[in-house]
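Please read the structure below before turning to the comments.
Along the sequence shown, residues are numbered consecutively beginning with 1. In this text, all values refer to a predicted model and were calculated from it rather than measured experimentally.
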Amino acid sequence: QLRLVESGGGLVQGGGSLRLSCAASGDIFGIIAMSWHRQAPGKEREAIAAITSGGSTNYADFVKGRFTISRDSAINTSYLQIHSLKPEDTGVYYCSANQLGYDYWGQGILVTVSS
C-alpha cells in the first residue's frame, strides 16, 4: 500500500553536496517517522538519520554535522542533505518509513563520490 521512491543520487566529486529526496505515495495515512540508511559495497547497511512526524531528529555518530534530515509539513516526503562528501560515502542510500508500527523501504538510490 505504501510506496517509497528515492531520487537525487548520482556521481559527485569529493567535497561536493547532494540532496536526496524520498516521496511516499499510495496509502500514506499514519506515517510515524521516516529515516535514511545506506549500504557501501561489501559492508552492512547502516542507519544515518531519522525524523518523526513532529519534527524530532536522530543522527548516527558518524554524521558529525555533514548530514541533515528534514521533511515536508505532511511527512509524505523526507530529504537528506549531505555536505562535504567523501569517497567513503559511496553506496546505496535507502529511505524507510514507519507506518503504524510497520517498516517500509524504498528501492534504494546510488550515490558515488569520486576522489
Side-chain angles (χ1 to χ4, degrees):
Q1 291 184 327
L2 181 65
R3 298 184 296 275
L4 302 172
V5 179
E6 301 95 339
S7 62
L11 176 62
V12 182
Q13 187 175 357
S17 299
L18 274 179
R19 190 192 192 199
L20 305 181
S21 298
C22 174
S25 62
D27 185 2
I28 64 173
F29 176 81
I31 294 176
I32 300 170
M34 299 185 75
S35 61
W36 287 91
H37 302 242
R38 70 181 184 183
Q39 187 169 18
K43 296 185 178 180
E44 303 282 346
R45 184 179 297 187
E46 61 182 351
I48 301 170
I51 187 166
T52 69
S53 60
S56 298
T57 58
N58 277 334
Y59 292 95
D61 290 340
F62 71 82
V63 168
K64 296 185 178 181
R66 297 192 299 114
F67 294 69
T68 301
I69 190 170
S70 60
R71 53 136 177 89
D72 64 11
S73 59
I75 199 168
N76 58 3
T77 304
S78 69
Y79 307 93
L80 186 69
Q81 181 74 46
I82 315 173
H83 297 285
S84 302
L85 281 158
K86 306 173 182 179
E88 51 263 44
D89 292 323
T90 293
V92 178
Y93 284 67
Y94 296 90
C95 173
S96 181
N98 186 273
Q99 182 185 59
L100 302 175
Y102 294 91
D103 291 326
Y104 297 84
W105 293 86
Q107 80 288 345
I109 189 165
L110 181 63
V111 172
T112 302
V113 184
S114 62
S115 301

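Counting all heavy atoms, side chain and backbone alike, Ile31 lies closest to Ala97 at CG2-CB, 4.4 Å. Shortest non-hydrogen contact noted between Gln107 and Leu4 is OE1-O, 3.5 Å. Between Pro87 and Ser115, the closest heavy-atom pair is CG-OG, 3.9 Å.
Among residues at least two apart or in separate chains, side-chain hydrogen bond (donor to acceptor under 3.5 Å, both in side chains) pairs with a member in residues 20-36 are Ser35-His37, Trp36-Ser78. Sorted by first and then second residue, the disulfide bond (SG atoms under 2.5 Å apart) pairs involving residues 49-115 (not counting sequence neighbours) are Cys22-Cys95. For residues 25-79, no pair satisfies disulfide bond (SG atoms under 2.5 Å apart), with sequence neighbours left out. Applying the disulfide bond (SG atoms under 2.5 Å apart) rule to pairs touching residues 30-94 yields nothing, sequence neighbours excluded. Evaluation of the salt bridge (charged side-chain N to carboxylate O under 4.0 Å, His left out) test over residues 90-111, restricted to residues two or more places apart or in two chains, returns none. Sorted pairs that involve residues 41-88 and meet disulfide bond (SG atoms under 2.5 Å apart), not counting sequence neighbours, are lacking altogether. Every pair tested for ring-ring contact (aromatic ring centres under 6.0 Å, His included) that includes a residue from residues 62-85 fails, sequence neighbours excluded, so the list is empty.
Listed by chain and number, the residues in a salt bridge (charged side-chain N to carboxylate O under 4.0 Å, His left out) with Glu46 are Arg38 (sequence neighbours excluded). With sequence neighbours left out, Arg66 forms a salt bridge (charged side-chain N to carboxylate O under 4.0 Å, His left out) with Asp89.
Once rounded to the nearest 0.5 Å, the distance linking CD1 of Ile28 with CD of Gln1 reads 12.5 Å. With values rounded to the nearest 0.5 angstrom, Ile82 atom CD1 is found 4.5 Å from Tyr93 atom OH.
If you chain together hydrophobic residues whose side chains sit under 4.5 Å apart, Val5 and Val111 never meet in one group. Residue Val63 is grouped with residue Leu18 when hydrophobic side chains (ILVMFWY) are merged at heavy-atom distances under 4.5 angstrom, including chains of intermediate members.
Other residues sharing a hydrophobic cluster with Val92 under the 4.5 Å side-chain heavy-atom criterion for ILVMFWY residues are Tyr94, Trp105, Leu110. Listed by chain and number, the hydrophobic cluster partners of Phe29 come to none, as no ILVMFWY side chain reaches under 4.5 Å of it.
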Listed pairs under 3.5 Å, donor-acceptor, residues 47-57 side chains, sequence neighbours left out:
from, atom 1, to, atom 2, distance (Å)
Thr52, OG1, Gly54, N, 3.3
Thr52, OG1, Gly55, N, 3.4
Thr52, OG1, Ser56, N, 3.2

